[in-house]
Participant: 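Sending over a structure as structure tokens; questions will come in a sec.
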Amino acid sequence: MPELDRLKSDIDELVPDMVATRRDLHEHPELAFEEIRTSNIVAQRLRALGLEVQSGVAKTGVVGLLRGGTGKDGGKTIAIRADMDALPIHELTEIEYRSQVDGKMHACGHDGHTTILLAVADILTKRKEQLSGNVKFVFQPAEEIVGGAAPMVREGAMEGVDGVIGLHLISDYAFGRVGVRSGPIFASADRLILTVRGKGGHAAMPETTVDPIVISSYIVTALQTLISRETSPFSPAVITIARITAGTAFNIIPETAEMHGTMRSFTVEHREKLLRRIRELATGIAGAMGGSCDVELIAGCPPCVNDVAMTELVHNAAVAAVGEQRVDSGEEVLSTGSDDMAEFLNAVPGCYFIVGVNNPEKGAKYPHHHPRFNIDEDALPIGVEVLTRAAMDFLT
Ligand SMILES: [Zn+2]
Ligand SMILES: [Zn+2]
């Protein structure tokens with residue numbers, strides 16, 4: 001049997017086990033940094049394959065190392081990353097393997113990511129004699145709170161690694177398709193907390209007060225001009241104020257108003273500029289109106305930016321897996337969502353790509369983080385094949 005057919009048939013053989021694994025993980029979701037059961041399963045399975053396993057990395061992360069042959073150029077190392085955490089959502093699907101834990105759900109597909117990477121480990125272990133280098137399997141905790149990747153990098157998960165790849169299953173992207181492009185793919189995400197301070201008083205005598213609600217209203221409106229007037233129409237970015245709290249009664253002007261929001265952008269430079277301008281605009285407007293504004297910017301994660309050569313590697317693997325017609329590299333691949341895969345991509349050149357799981361016929365049509373979210377499980381072997389081919393190519 002030619003190697004290409006053998007890979008497909010090896011993956012096909014694993015499908016029943018993959019579906020069982022994914023459903024088991026789905027039934028037992030665990031939140032960020034609480035992935036005890038999940039990481040035990042991962043570590044056990046990697047050990048069973050004979051890999052060198054390090055658990056407890058960044059609390060609940062796991063790293064497995066597969067040593068291949070040293071090969072001609074001294075043996076490079078590729079890392080493949082999956083995230084393992086679930087969300088604090090009460091699942092509302094009717095599927096028989098729905099979450100057994102009240103208020104917790106795999107509503108982002110990370111159960112699928114973990115399953116895919118375990119299968120890739122299995123397939124590559126069977127082929128280790130053909131690999132001229134090593135593969136690091138990186139299972140990270142706490143992606144949903146943007147907390148797991150950075151400590152894994154600090155604890156050495158990317159040491160000795162020459163390239164990193166990973167995927168996200170995407171629910172509004174058609175089943176059967178794979179999206180990959182170089183440059184930015186997922187946005188940066190930063191949290192904003194603006195506290196406007198004025199001077200409280202009687203609502204009927206505004207001239208004796210400094211009204212923080214009116215000041216906040218101007219700030220919200222002005223922040224939008226950072227997108228509409230100061231950002232090129234060709235550079236996507238988002239500023240959303242999603243929560244405003246102020247006041248206690250209809251006849252009292254409060255002392256303070258608090259606003260919470262998020263900022264997304266696709267390049268490091270643009271991110272820095274917008275964060276600086278948010279601060280300038282908010283403090284300037286509040287000051288000009290007699291009040292003040294404390295601006296707290298809570299750095300989330302940088303944008304996910306793909307390396308050109310690593311993208312080509314994944315692109316070729318995707319074409320081999322699903323055919324040229326089903327591989328996208330246009331705007332449909334971009335998301336204003338964020339992912340802390342960005343931390344790994346900042347540490348070494350890499351490529352993060354998307355795999356479609358949308359299939360309304362199977363009920364897989366709800367957005368990520370929705371209580372009825374589900375995936376088309378037939379996408380699992382597609383993810384396995386693209387990652388496996390890319391890793392094998394990298395280590396040829
Ligand atoms: Zn998510
Ligand atoms: Zn996710």
Side-chain angles (χ1 to χ4, degrees), residues 22 25-26 28-35 38-39 42 58 60-61 80-93 99 101 103-118 138-150 152 164-173 175 178-180 184-191 238 240 242 262 264 300-306 332-345 350-358 364-377 379-380 382-383 386-387:
R22 186 250 156 181
L25 295 175
H26 193 87
H28 303 95
E30 294 174 301
L31 301 184
F33 292 126
E34 295 172 5
E35 306 92 335
T38 310
S39 64
V42 167
T60 40
I80 316 178
R81 171 271 199 181
D83 43 15
M84 303 185 287
D85 57 324
L87 285 154
I89 293 174
H90 187 76
E91 181 160 357
L92 293 178
T93 69
S99 170
V101 190
K104 296 180 191 178
M105 176 187 178
H106 268 294
C108 201
H110 300 186
D111 48 349
H113 303 168
T114 302
T115 301
I116 287 170
L117 191 50
L118 285 171
V138 176
F139 293 82
Q140 86 154 75
E143 189 285 322
E144 294 292 358
I145 60 165
V146 188
M152 283 198 99
V164 62
I165 54 176
L167 61 80
H168 207 301
L169 301 171
I170 297 288
S171 72
D172 62 355
Y173 185 49
F175 161 73
V178 176
V180 53
I185 167 161
F186 278 61
S188 64
D190 296 286
R191 235 173 91 193
V238 177
T240 296
T262 185
R264 310 287 166 119
C301 78
C304 285
V305 182
N306 285 341
E332 59 275 62
V333 184
L334 287 177
S335 167
T336 50
S338 70
D339 197 297
D340 69 357
M341 173 73 179
E343 303 287 353
F344 297 118
L345 295 170
C351 179
Y352 201 40
F353 63 99
I354 61 172
V355 172
V357 290
N358 181 282
K365 60 178 179 183
Y366 295 96
H368 290 259
H369 298 200
H370 188 282
R372 295 188 194 278
F373 173 87
N374 200 7
I375 62 168
D376 184 341
E377 289 172 327
L380 299 173
I382 295 176
V386 179
L387 290 170

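Note that the coordinates shown come from a computational prediction; the quantities given were computed from them, not determined experimentally. Counting starts at 1 for both ligands and their atoms, following the listed order. No hydrogens, no waters, no symmetry mates; every other heavy atom, side chains included, goes into these values.
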Participant: Using a distance-only test with no angle check, is there a side-chain donor-acceptor pair under 3.5 angstrom linking E144 and H369?
Facilitator: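 E144 vs H369: donor-acceptor pair found between side chains.
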
Participant: Is the closest side-chain donor-acceptor distance between H106 and E91 under 3.5 Å?
Facilitator: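 The criterion, which ignores hydrogens and geometry beyond distance, is not satisfied for E91 and H106.
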
Participant: Ignoring water, what protein N, O or S atoms are under 2.8 Å from the Zn ion (ligand 2)?
Facilitator: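 The answer is C108 SG, H110 NE2, H168 NE2.
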
Participant: Kindly write out the residues that satisfy salt bridge (charged side-chain N to carboxylate O under 4.0 Å, His left out) with K365, not counting sequence neighbours, or none if the list is empty.
Facilitator: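 With neighbours one apart ignored, the set is empty.
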
Participant: Do D339 and Y352 have a side chain donor and acceptor closer than 3.5 Å?
Facilitator: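 Side chains of D339 and Y352: pair found under 3.5 Å.
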
Participant: Look at K104 together with E34 and state whether they make a salt bridge at an N to O cut-off of under 4.0 Å.
Facilitator: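 Yes.
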
Participant: side-chain hydrogen bond (donor to acceptor under 3.5 Å, both in side chains) for D85 and Q140? Distances and angles first, verdict last.
Facilitator: CA-CA 8 Å; D85 57 324; Q140 86 154 75; 5.8 Å; no

